[in-house]
Amino acid sequence: GFATSLPLIFMKKIIILASGNGTNAQSIMDRFVDSNSIQVSLILSNKPQAYVLERARLAGIPAMSFNRFAFAKAGQIQSILNQEKPDLIVLAGFLWKIPSFLIEDHPDKIINIHPALLPHYGGKGMYGMNVHRSVIENKEQKSGITIHYVNENYDEGAIIKQATCQIDQNDTAEDLASKIHNLEQQHFAATIEELLK
Ligand code: GAR
């Protein structure tokens with residue numbers, strides 16, 4: 001009702017960039033669906049077929065896909081982001097490098113989730129199952145998630161939060177993936193809420 005909802009102008013805005021399934025994007029959408037201070041205002045994907053776009057559609061959140069050209073300097077994405085003025089840009093399983101002009105446009109407002117304990121198991125090519133396979137191959141006893149600010153280099157920005165899980169001797173890469181998935185569900189949206197408070 002009128003008395004309990006703030007005018008939209010006071011809403012903090014999150015824009016999510018995602019490339020795939022979108023389970024992280026989903027948990028963020030779910031957390032703020034009834035919020036009167038924080039909203040997911042837009043979901044962007046570099047893959048037109050990504051299931052995350054269907055999740056956005058089901059949630060009634062505006063979404064679109066873009067190609068390399070639209071992502072390049074002075075492209076459509078830069079203009080959209082500058083128009084929207086998001087309080088936070090969240091990379092949730094987004095696999096392209098963020099160009100430095102976007103980082104300069106949105107200082108300290110772009111964050112990423114990485115499915116390992118950075119500074120280990122990061123860098124180019126280290127995403128999704130690739131990360132879990134190499135953690136298991138190296139017989140690590142723990143792994144985890146890292147939520148961090150995004151800078152010019154892959155997986156090197158300041159760390160905001162880490163959470164760890166134990167790896168059992170017989171765990172496969174798939175077992176580890178599911179432990180990481182649980183950590184992401186537990187911590188990502190909650191950390192975003194903390195950052196926007
Ligand atoms: C998540 O595990 C995320 O941490 C990882 O991709 C997965 C996306 O899943 N991100 C990276 O590997 C980034 N280097 P989702 O699409 O279901 O959220």
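When a ligand or atom number is given, it counts from 1 through the structure's own listing order.
- Applying the 4.0 Å criterion to heavy atoms of His114 picks out, from ligand 1, the atoms 14 (N).
- In this structure, the side chains of Asp155 and Lys124 stay at 4.5 Å or more apart for every pair of heavy atoms.
- Side-chain N/O atoms of Asn182 and Gln186 include no donor and acceptor closer than 3.5 Å.
- Note on Lys179 versus Asp171: salt bridge recorded, some NZ/NE/NH1/NH2 to OD/OE distance being below 4.0 Å.
- Distance from atom 12 (O) of ligand 1 to its nearest protein heavy atom, with residue and atom name: Gly128 N, 2.9 Å.
- Of the heavy atoms in His181, none comes closer than 4.0 Å to ligand 1.
- Shortest contact from atom 17 (O) of ligand 1 to any protein heavy atom: Thr23 OG1, 2.5 Å.
- Considering only non-hydrogen protein atoms, atom 11 (C) of ligand 1 sits nearest to Pro115 CD, 3.5 Å.
- No heavy atom of Gln26 sits closer than 4.0 Å to any atom of ligand 1.
- Atoms of ligand 1 lying under 4.0 Å from any heavy atom of Ile113, numbered from 1 in the order shown and given with element: 4 (O), 10 (N), 13 (C).
- No side-chain donor from either of Asn46 and Arg68 sits under 3.5 Å from a side-chain acceptor of the other.
- No N or O atom of Tyr127 sits closer than 3.5 Å to an N or O atom of ligand 1.
- Between Glu184 and ligand 1, at least one N/O pair is under 3.5 Å apart.
- Looking only at atom types and distance, the side chain of Asn112 has no donor-acceptor partner in the side chain of Tyr149 under 3.5 Å away.
- Considering only non-hydrogen protein atoms, atom 16 (O) of ligand 1 sits nearest to Gly22 N, 2.7 Å.
- Other residues, nucleotides and ligands place more than 12 heavy atoms under 6.0 Å from the CD atom of Glu84.
- At least one N or O atom of Asn24, backbone or side chain, sits closer than 3.5 Å to an N or O atom of ligand 1.
- Atom 7 (C) of ligand 1 has as its closest protein heavy atom Gly93 CA, 4.3 Å.
- Residue contact check for ligand 1: Ala18 places no non-hydrogen atom closer than 4.0 Å to it.
- Of the N and O atoms on the side chains of Ser27 and Asn24, not one donor lies less than 3.5 Å from an acceptor on the other residue.
- The main-chain N or O of Leu118 is found under 3.5 Å from a side-chain atom of Gln162 such that the two form a donor-acceptor pair.
- Within a 6.0 Å radius of OH in Tyr121, more than 12 heavy atoms belonging to other residues, nucleotides or ligands are found.
- Residues Phe94 and Phe71 place their aromatic rings such that the two centres sit under 6.0 Å apart.
- For ligand 1, the polar-atom distance check against Leu95 finds no nitrogen or oxygen pair separated by under 3.5 Å.
- Which parts of ligand 1 touch Met126 is read off a 4.0 Å heavy-atom cut-off, strictly below it: atoms 14 (N).
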